[in-house]
There are 2 protein chains.
Amino acid sequence: MLIRIDPTSSVAIYDQLAAAIRGGVAAGDIRAGQRLPPARELAASLGINVHTVLKAYAALRDEGLLHVRRGRGAVVTDVRPGEVELSRAVAELLAVGRRNGLSLTQIHHALDQGAES
Amino acid sequence: MLIRIDPTSSVAIYDQLAAAIRGGVAAGDIRAGQRLPPARELAASLGINVHTVLKAYAALRDEGLLHVRRGRGAVVTDVRPGEVELSRAVAELLAVGRRNGLSLTQIHHALDQGAES
DNA sequence: AAGGATTTGTACGTATGTATC
DNA sequence: TGATACATACGTACAAATCCT
């Protein structure tokens, strides 16, 4: 897939890149399980900085679209459309719960209470 | 409030700082509407880099704890996270799960799976 | 209204740590 | 052991939004 970056755009470069990758996945240009180019490589080919690529990767990881891990690279999540938002909602609840000092069991309990109402 | 950073800790500095601010808000040391020190200033007083402070501020903003805007600084949100934030995350997960045809049990299962990774 | 000061946002550069292969 | 690749942190510079005079 071809990614173009417009440095004159008011949209941030990392945002342009993230959008391009999102689109590539949605369009099927990038398949589930497929690994994206290493950040340094992609940065070099696009003429941008590694940080900028890593920031885009991190954003997509937070969305649940990518699995990004040290030494492994960025791999497109193997989930069906719709499951991305599910895993993101799961991740958010876990993050919020733990931030407030809740155990996994307590988070489950909160889920049950929320389901009653 | 006093913030201490342990550079030898395995916990990332920006994470330590974010946790310290969260704790300060929770403990009432920092009140709603109060403005945090400029990133550069706080960075200098803690002996860390501006980026590190900004990353902590951005994380807290994503959590909804802070309003961070150019020229204005970082202001503590008037709504206290906690129950409100938790119930919102619960509601979102339930909504997303049911939209995708999951039962409550299946949502619990998704939560467990998310907790593993 | 205009301009300067303040403050975060983004981007680039570089170095080191850590997990994976 | 070594190579690969992301994670974090520090440094610097400029842009953009806001505030104040």
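FYI, side chains are in, hydrogens and waters are out, and symmetry mates aren't considered; it's all heavy atoms of this structure.
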Review point. In whole Å, what is the span from the CG atom of B/Leu46 to the P atom of D/dT8?
Key: 19 Å

Exercise for review: Figure out the CG/P separation between A/Leu42 and C/dC12, and round it to whole Å.
Suggested key: 12 Å

Point to revise | OP1 or OP2 of C/dC12 under 4.0 Å from side-chain N/O of A/Thr52 | key: yes

Check your understanding: Pick from B/Leu60, B/Thr52, B/Leu42: which one makes a side-chain contact (heavy atoms from CB on, under 4.5 Å) with B/Leu17?
Key -> B/Leu42

Practice item. Determine the sole option in A/Val68, A/Val75, A/Val53, A/Ile30 for which the side-chain contact (heavy atoms from CB on, under 4.5 Å) test with A/Leu36 is passed. Key: A/Ile30

Practice item. Specify the separation, in whole Å, of atom OH of A/Tyr57 and atom C1' of D/dT8. Key: 18 Å

Check your understanding: Would one find a side-chain N or O of A/Tyr14 under 4.0 angstrom from OP1 or OP2 of C/dT10?
Key -> yes

Point to revise | Separation of D/dT8 P from B/Asp6 CG (nearest whole Å) | key: 16 Å

Practice item. Figure out the CG/P separation between A/Leu54 and D/dA9, and round it to whole Å. Key: 14 Å

Point to revise | Backbone N/O of B/Val76 and side chain of B/Gln34: donor-acceptor pair under 3.5 Å | key: no

Review point. Hey, is the side chain of A/Arg61 poking within less than 4.0 Å of OP1 or OP2 on D/dA7, counting only N and O atoms?
Key: yes

**Study point:** From NE2 (A/His108) to CG (B/Leu111), nearest 0.5 Å
**Key:** 4.5 Å

Practice item. Establish, with yes or no, whether the OP1 or OP2 oxygen of D/dA9 is under 4.0 angstrom from a side-chain nitrogen or oxygen of B/Lys55. Key: no

Exercise for review: Please determine if A/Glu92 and B/Arg88 form a salt bridge, counting it only when a charged side-chain N lies under 4.0 Å from a carboxylate O.
Suggested key: yes

Point to revise | Verify same cluster id: B/Leu104, B/Leu86 (apolar side-chain graph, 4.5 Å) | key: yes

**Study point:** Interatomic distance, A/Gln16 CD vs C/dT10 C1' [rounded to whole Å]
**Key:** 12 Å

Check your understanding: Once you round to the nearest 0.5 Å, how far does CD of B/Gln16 lie from CD1 of B/Ile48?
Key -> 9.0 Å

**Study point:** Value in whole Å for how far the C1' atom of D/dA5 lies from NE2 of A/His67
**Key:** 17 Å

**Study point:** Nearest-nucleotide pick for B/Ala12, side chain only, options being C/dA11, D/dT8, D/dC6
**Key:** D/dT8

Practice item. Scan nucleotides 13-21 of chain C nucleotide by nucleotide, 5' to 3', and note B when protein non-hydrogen atoms come under 4.0 Å of the base, S if they reach only the sugar-phosphate, - if neither. Key: BB--BBBSS

